Amino acid sequence: MLLSYLRERLRLTGTKYGCGGGGCGACTVMVSRYQPGTKTILHFSANACLLPVCQLQGAAVTTVEGIGNTKTRVHPVQERIAKAHGSQCGFCTPGMVMSMYTLLRNKPQPNMEDITVALGGNLCRCTGYRPIVDGCKTFSPESNCCQANGNGAGCCLNGDSSPERSENVSDSFYSGHTHFMKCLTDFPFLRSELFDQEDLLPLDPTQDLIFPPELILMAETEPQVSQLFRGERMVWVSPVSLEELIQLKTSHPQAPLVMGNTNIGPDIKFKGAWHPIIISPTRVQELFEVTKTPQGVCIGAGCSLSVVKALLEGLVQEIPEEKTEIYRSLLQQLGNLGGQQIRNVASIGGNIVSAYPNSDLNPVFAAGNCTLNVVSKRGRQEILLNKDFFVGFGKTSLKPDEIVLSVFIPVSRQGEFMRAFRQAPRKENALATVTTGMRVMFTEGSSVVKELSIYYGGVGPCTVSATKTCAAVIGRKWDEQTLSEAYTQLLDEISLSPSHPGGQVEFRRSLTLSLLFKFNLQMLHKLWEMVWTGSLFAQLAEDLSEEMSSGIRPLPKQLQPSLQEFQAVVKGQSGDDPVGRPIMHRSAISQATGEAVYCDDIPKMDGELHIVLVTSTRPHAKILDIDISEALQVPGVVDVITSKDIPGKKFRTFTGIDEDILAQNEVSCVGHMVCAVVADTRKQAKRGAALVKIGYEDLPGPVFTVEEAIEKQSFFLPQRMIERGNVDEAFDKVDHVYEGEIRLGGQEHFYMETQSMVVVPSGEERELKVYLSCQHPTYTQTLGIPSNRVSCHVKRVGGAFGGKVTKTSIIACITSVAAWKTGRAVRCVLERGEDMLITGARHPVLGKHKVGFMNDGRIMAADLHYYANSGNTADESLLVIEKILLHLDNAYNVPNLRGRSVACKTNLPSNTAFRGFGVPQSMLVTENMINDVAMKLGCNAEEIREINMYKEVSLTHYKFEFDPKNLLRCWDECKEKSDYGSRRKSIAQFNQQNRWKKRGMATIPIKYGIAFSDGFLNQAASLVHIYKDGSVLVSHGGTEMGQGIHTKMQQVASRELHIPASLIHITETNTSAVPNTCPSAASFGTDANGMAVKDACETLYQRLEPVRKQNPEGTWQTWVKSAFIQKISLSATGYYRGHDLHMDWEKQEGQPYAYYTYGACCSEVEVDCLTGDYRTVRTDIVMDIGRSINPSVDIGQIEGAFIQGLGLYTMEELKFSPSGVLYTRGPSQYKIPAVCDIPLQFNVYLLSGSDNPHAIYSSKGIGEPVLFLGSSVFFAIKDAVAAARVEAGMVGPFTLDSPATPERTCLACNTPFTQKIPASKQGSFQPWALNIP
């Protein structure tokens, strides 16, 4: 593939490996081709991980290194993403840059839709996307914020305090704009510009790289000849004529045809498919011909989906609207099919013949009576795309030697209408759950159905036709009675077994009905337009009330201007002092140019080996034997590492419980590491790993769910309990007692850089150098080798979120054993699927609550139980369940409160630390309890929250005193700035007027404890050198993971030494420079390491004081030179002892945290009750983070954490098979938020006037707290669902588990269509997936 060629052969490492399947965009490059026919150059973005090098003859490939660098000139795209603070960990940044760069090469002045479409195929786990979009938006002529949303006349940037209203701008925007203008007037000390748009390089297209003239000459003069490439196991043939292609296919009928490699490539990589011969007809011109006729358009099967989309867009503009029904339906589906990179290479013919059961296009082609032109040695024929064409999963009626030449799409006829619908786990770039194409033709001048064709995807092994349903409707009037009978017929015709692959059976069956209902509403609109008089008109008017027509109105999608408000630096602060200013991430430019070095970017060393892990395929079994003989026969395989090879201890100890480095006698989950194959190349190691044979003896009774663990008492000890007051007694004295529960699923870290490390043995005295991507380098000093001989180096980490501590150390141990045993450098880089299988995730939790409350909403007693699914090892689970209990009060003063938590031992991969460390699970249960109380009393949950919030200096349930003043300020300001009161009224009015769309809103507070409850982990050290030229080198114990710790340390050193930041360099984290480092976690990295750096710099500055006094007019450089001559040490260590924190679980009291970070968040959503889809209309966050050291970094952390929380609570699902196998092992199955998921208006306000005496420069930790505020979207969805349930006559508390996926949301709305679906009897079938926790 091009990716490995770029990285390994050409050493162009700016293009990153993120998933290997085209799902994340980290490997995006620009491909350019010369078109001899039109003498134009076509530029398109593509995923390098899917592009075969042998397919690129005649193409120019541009990587991120090619458009600009810090040595010559940075490209404006690189600069703007960096300066807009759109790069945190930076691993995704080169891909983002190349997607935007390609757009600008094709359209130098893009609009906002162009930008979001271009970025739609790129994922980011750090930023929350807003700053990336803001940086890219500066290229758009619409970048003037109000004009960007259809309101140029009264733009806020023109100084108009009350902009003229536009239909394209929501009420939420106007309320936010009014508040913003008021702030500028009343509070001049507040700022809202995180970067200066005037200080940006202009975009000059004339400076871009030209297409190589030699490639133009080659395309125009050299004759096309067929090509043949031979690999070790595969032959690649590229013919140039149709005749040659037919001959090849005749000779090799089983050989696949590869155009974009978006199907065959992933099958080879992930499913182990093998094809001895591959035919790539990308140069056969007949496959790319387009013919337009009055009857329709014939499109070559080789045309990419992007080309088809552009062609259809042109046709829609050219021909009369009534002839474009099928074209517009296809366009609707094409807009959401894959990311831009996939659409640019995937072919229309390949999409059809792949015959995926949930294909977006095939139901439209089939319903639209499209035909395929097929060719073989027997000649040409036309095949109708209908139910007979799709014969099974991935199968069609085509014969093996037949080639699809083109597809004919007819124009629509008079009275013929067509629509396409889809529902997917994510709004864009996600395979559909259910998709459909529906076409109807009415008898002229009436509502009688002449023709009807309905096809579905996602409800069978292939595209299916609702033939019986259509037959029942044809010849009848299109009215309520006819459609009512059609729903019944459809329910009988399209059925799924409860164990159907993919699960979601009730949801999918419900969607078949609700999507038909949407089609019904749209056709009623069409009939209304056709018939304006008589009884039919009266009936249509009744059926199409505004309330009902909400079923076909799309969810809002227009991004609105957002605000980022922070406090300006104090008056009188030196302009050279960077503390408190929005400074760009110190590595942002390098990350944007691809020059930033990550672990796998380290050049390959002489004799370097690669290692691949072999994992268990059984959930609970004894290991009988490990046969490595065949693996050792694979060319290039050097050795196989087993537990017997590990010197010294064969286990690591976490929280007092041992965990095997490699399984010795028994495996306890699918994914348990058993051994590792070491080889010259990764491919060889992978081939050898596949040949390792492990003999198992299954053990009885594997445990997967917390219910099973409770039944079998399978727990890690100790269990924890905490109580204040007398809970049982209080329950007897309250007006109401209510019991409920909520299930919270796990969450994959999905850091963009997978687990990566390189271990280099020095060759003497057992010295090892370990280069790795981790949060806790000291923890990887292993194998019984003295720590002074193992130096661990962390330059930067491409995202971590808690997932690169424990498992990283174990994988580093295995890699170190291989390096120690072979005496050669060993590299270990996990593939995305391996990483997701092995490394664990956030703990799924079952939370139960019993709450006692009064009629006025006061909660007098609460009893909460938490059951965390810990997986097969303890890992950090015992610490997680402790933190769960320490945060169960959140912001509420409940006088009688009890919490119990337990870590359940199951046979799933061990779960581990994740941003928030149990707090997101803990508080969700608490807030759900608050929500239930509100629903029981018939009031808004915000009222119950206010009544029960801490109001004055108080004691927590662990007897720690604190002042909630800033918590209350955050709450009050959030309600004010979000215009909560008036919007709540508007939502009520909206819900009354709309039957099928509902809006909801929720405001959530947070009180989050900062620092490690184990006091020894709060210490830090640093080492600062001043060199004779005046430059300064700073080393500290924190690792840079995108959270900006190095940037902040540079700011600290700049302030303390009174020198420009440009003189200061932050070196890699290195245990040889700063030993005994503590993990970069608990939102305490800046607090601890900042104080250590400050201490060292203060020491040095004091040492220079005599020199400064001797020469007060001197410069920094002259003082340093004088100090050296005077033999004054210019090197100093710094140390910070940290807070003495503790928690006594016997006494149930302590001070586990140094201080609290407070905040509040208000989110509004709009929900489509028919599909469960939703859109976050607006989010307002107010955070108390003291005095921010760097507002741009901190706001970036706030936004990124919120979006990660939004993913946790609304879309990210880990799916396990009934035998404990993880289904979701990559971005194609596991969906994290993308650009399409950010709130349309995303406002962040840093609380002004806040101080914190417990941390450096009065700042506060911010990395983790905001993640929980993503639950505001969950509770807003629940609020909207509650409004929908009222329509069904259902009031009071109800269960909505997390994440609130479209499936759960739709079923909870309880529409007439979900009510029609019969529930499967529990226990009568084996579900496709386990219900975790």
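Since the model is a prediction, treat every value here as computed from it, not as a measurement. Just so it is clear, the values below take in all heavy atoms, side chains as well, and ignore hydrogens, waters and symmetry mates.
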Answer yes if the side chains of [X] and [Y] hold a donor-acceptor pair under 3.5 Å, and no otherwise.
X	Y	result
Ser877	His843	yes
Asn726	Asn896	no
Asn928	Lys1278	yes
Ser1250	Asp1184	yes
Arg915	Gln1204	yes
Thr926	Tyr892	no
Tyr958	Gln1148	no
Thr906	Asn869	yes
His1142	Asp1014	no
Tyr1136	Asp1087	no

Can you measure from [atom1] ([X]) to [atom2] ([Y]) and round to the nearest 0.5 angstrom?
X	Y	atom1	atom2	answer
Arg1187	Ser1248	CZ	OG	9.5 Å
Glu973	Leu968	CD	CG	11.5 Å
Leu878	Asp875	CG	CG	10.0 Å
Ile1006	Thr1157	CD1	OG1	8.5 Å
Met1211	Thr1301	CE	OG1	10.0 Å
Tyr738	Ile859	OH	CD1	13.5 Å

Checklist outcome for this item: Partner of His887 under ring-ring contact (aromatic ring centres under 6.0 Å, His included), picked from Tyr1156, Tyr1008, Tyr866, is Tyr1008

Next on the checklist: A quick test of your reading: do over 12 heavy atoms of other residues, nucleotides or ligands sit less than 6.0 Å from NZ of Lys905?
Outcome noted: no

Checklist entry - Around Lys733, counting heavy atoms of other residues, nucleotides and ligands shown, do more than 12 lie under 6.0 Å from its NZ? => result no

Checklist entry - When Pro1265 is tested against each of Ile1010, Val919, Ile1198 for side chain to side chain contact (heavy atoms under 4.5 Å, CB included), which residue passes? => result Ile1010

Item to check | Candidate list Leu846, Val925, Leu1208, test side chain to side chain contact (heavy atoms under 4.5 Å, CB included), partner Leu744, passing option | outcome: Leu1208

Checklist entry - Quick check, are the ring centers of Phe853 and His736 under 6.0 angstrom apart? => result yes

Next on the checklist: Ring centroids only, cut at 6.0 angstrom: are Phe962 and Tyr1155 within range, meaning strictly under it?
Outcome noted: no

Can any side-chain N or O of [X] pair as donor or acceptor with the backbone N or O of [Y] at less than 3.5 Å?
X	Y	result
Ser954	Tyr950	no
Asn1018	Phe1012	yes
Asn890	Pro1005	yes
Lys951	Ile947	yes
Ser922	Gly918	no

Between [X] and [Y], what is the shortest heavy-atom contact and its length?
X	Y	value
Pro1239	Ile1203	CD-CD1, 3.8 Å
Leu1206	Pro1233	CD2-CG, 4.1 Å
Lys1007	Tyr1158	CG-CE2, 3.7 Å
Leu1246	Ser1188	CD1-CB, 4.2 Å
Gly871	Asn911	N-ND2, 4.3 Å

Checklist entry - Is there a side-chain contact (heavy atoms from CB on, under 4.5 Å) between Thr705 and Ile1332 once you walk through the steps? => result CA-CA 6 Å; Thr705 68; Ile1332 303 295; 4.2 Å; yes

Checklist entry - What's the verdict on salt bridge (charged side-chain N to carboxylate O under 4.0 Å, His left out) for Arg999 and Asp1279, showing C-alpha distance, side-chain angles and the deciding distance? => result CA-CA 8 Å; Arg999 289 203 171 190; Asp1279 187 45; over 6 Å; no

Checklist entry - Would you say Arg842 and Gln921 make side-chain contact, with heavy atoms under 4.5 Å? => result yes

Item to check | Non-hydrogen side-chain atoms of Thr1295 and Glu741 separated by less than 4.5 Å | outcome: no

Checklist entry - What do the steps show when you test Asp963 against Lys965 for salt bridge (charged side-chain N to carboxylate O under 4.0 Å, His left out), and what is the final call? => result CA-CA 6 Å; Asp963 185 348; Lys965 179 180 69 173; 5.5 Å; no

Next on the checklist: Run the salt bridge (charged side-chain N to carboxylate O under 4.0 Å, His left out) test on Glu1149 and Arg724 for me, step by step, so that the C-alpha distance in whole Å, both residues' side-chain angles and the decisive distance to 0.1 Å come before the verdict.
Outcome noted: CA-CA 10 Å; Glu1149 64 181 40; Arg724 75 168 168 198; over 6 Å; no

Checklist entry - Picking from Glu943, Glu946, Glu942, what satisfies salt bridge (charged side-chain N to carboxylate O under 4.0 Å, His left out) with Lys975? => result Glu946

Checklist entry - Of Lys998, Arg984, Arg983, which is the lone residue that meets salt bridge (charged side-chain N to carboxylate O under 4.0 Å, His left out) with Glu1164? => result Arg983

Item to check | Cation-pi geometry met for Arg1285 and Phe1294 (6.0 Å, 45°) | outcome: yes

Checklist entry - Distance under 6.0 Å and angle within 45° of the ring axis: does Arg945 meet both against Phe1275? => result yes

Item to check | Cationic N near anionic O, under 4.0 Å, Lys977 to Asp1180 | outcome: no

Next on the checklist: Walk me through whether Asp932 and His849 qualify under side-chain contact (heavy atoms from CB on, under 4.5 Å).
Outcome noted: CA-CA 10 Å; Asp932 285 349; His849 68 260; 3.1 Å; yes

Checklist entry - Taking it one step at a time, do Met721 and Arg898 satisfy side-chain contact (heavy atoms from CB on, under 4.5 Å)? => result CA-CA 7 Å; Met721 193 271 281; Arg898 181 167 61 215; 4.1 Å; yes

Checklist entry - Are Ser1080 and Gln775 close enough, and set up right, to give a side chain to side chain donor-acceptor pair (under 3.5 Å), and what steps lead you there? => result CA-CA 5 Å; Ser1080 293; Gln775 297 172 247; over 6 Å; no

Item to check | From CA spacing to verdict: side chain to side chain donor-acceptor pair (under 3.5 Å), Tyr1174, Thr1210 | outcome: CA-CA 10 Å; Tyr1174 80 95; Thr1210 69; 2.9 Å; yes

Item to check | Worked check of side-chain contact (heavy atoms from CB on, under 4.5 Å) between Leu1247 and Ile1185 | outcome: CA-CA 7 Å; Leu1247 190 71; Ile1185 60 170; over 6 Å; no

Next on the checklist: Check the orientation of Tyr1209 and Phe1274. Use parallel for under 30°, tilted for 30 to 60°, and perpendicular for over 60°.
Outcome noted: tilted

